[in-house]
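Working notes, beginning with the structure itself.
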Amino acid sequence: MWFTLLTLNTNPIHFDQVYASKTEFGRPLVDSTFTLALVTGLSVADISQNAINLGWDKVRLPHPVFEGDTIYAKSEVLEKRESRSRPHMGIVRVKTTGYNQEGKIVIEFERTIMVYKRNASPYKG
């Protein structure tokens with residue numbers, strides 16, 4: 001599984017079929033940091049294409065992700081305000097939820113981003 005190697009997680013539950021088959025899950029799990037990166041990435045086009053990530057909070061993983069799962073994401077803006085230190089930017093806090101193909105929530109987190117105001121972005125495309 002290429003994503004496990006990418007995240008450098010050596011826990012055998014992510015790559016050892018025999019080991020994983022003896023766990024309650026019965027098969028390898030997708031590494032949770034990969035799931036966080038994937039679902040964050042799914043939200044970039046809609047939420048943070050023109051932003052700088054400031055951090056994640058309240059990360060929860062209520063259901064495992066397995067190889068072959070299809071993951072979807074949706075985000076909700078929780079709060080927005082002007083940046084105190086950068087008048088050409090704002091601070092936005094969003095809640096993002098990732099779902100698998102069965103509609104089960106696999107990850108939830110809040111993310112804070114600093115976004116350029118209209119006409120202040122270095123990207124004009």
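Residue R84 places its CZ atom among 12 or fewer non-hydrogen atoms of other residues, nucleotides or ligands, all under 6.0 Å distant.
Between E67 and P28 there is no side-chain heavy-atom pair separated by less than 4.5 Å.
The only member of V44, I47, L54 that meets side chain to side chain contact (heavy atoms under 4.5 Å, CB included) when paired with I113 is I47.
Atoms OG1 and CZ, on T97 and F109 in that order, are 8.5 Å from each other to the nearest 0.5 Å. Within the model, atoms CG of D69 and OG1 of T35 stand 9.0 Å from one another, a figure rounded to the nearest 0.5 Å. Here the OG1 atom belonging to T33 is positioned 11.5 Å from the CG atom belonging to L38, to the nearest 0.5 angstrom. Atoms CZ and CE, on R86 and M114 in that order, are 4.0 Å from each other to the nearest 0.5 Å.
The salt bridge (charged side-chain N to carboxylate O under 4.0 Å, His left out) check on K80 picks up nothing, with sequence neighbours excluded. For E24, there are no salt bridge (charged side-chain N to carboxylate O under 4.0 Å, His left out) partners at least two apart in sequence or on another chain. Judged as a side chain to side chain donor-acceptor pair (under 3.5 Å), and not counting sequence neighbours, D46 has no contacts. Judged as a side chain to side chain contact (heavy atoms under 4.5 Å, CB included), and not counting sequence neighbours, the contacts of S85 are S83.
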Between T40 and W56, is a side chain to side chain donor-acceptor pair (under 3.5 Å) present by the stated rule, with each step listed?
CA-CA 10 Å; T40 298; W56 293 266; 3.1 Å; yes
message: Show, in sequence, the C-alpha distance, side-chain angles and deciding distance for S75 and R111, and conclude whether the side chain to side chain donor-acceptor pair (under 3.5 Å) test is met.
response: CA-CA 10 Å; S75 295; R111 186 161 68 111; over 6 Å; no
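For the pair R27 and F66, the distance from NZ or CZ to the six-membered ring centre is under 6.0 Å and the angle to the ring normal is within 45 degrees.
Between N100 and Y72, the shortest heavy-atom distance links the atoms O-CD1, 4.0 Å. The two atoms that bring F25 and I13 nearest to each other are CD1-CD1, 3.9 Å, heavy atoms only. Across S32 and L61, no two heavy atoms sit closer than the pair CB-CD1, 3.5 Å. In terms of heavy atoms, L29 sits closest to H14 at O-ND1, 2.8 Å. Contact record, T112 with D57: OG1-OD2, 4.2 Å, taken as the closest heavy-atom pair. Residues V106 and I71 approach most closely at CG2-CD1, 4.1 Å, considering heavy atoms.
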Tabulate below the donor-acceptor pairs under 3.5 Å that side-chain atoms of residues 87-95 make, not counting sequence neighbours, or state none.
{"unit_1": "R93", "atom_1": "NE", "unit_2": "E79", "atom_2": "OE1", "d": "3.0"}
{"unit_1": "R93", "atom_1": "NH1", "unit_2": "E110", "atom_2": "OE1", "d": "2.6"}
{"unit_1": "R93", "atom_1": "NH2", "unit_2": "E79", "atom_2": "OE1", "d": "3.3"}

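Hydrophobic cluster of Y99: the remaining members, joined at side-chain heavy-atom separations below 4.5 Å, are I105, listed by chain and number.
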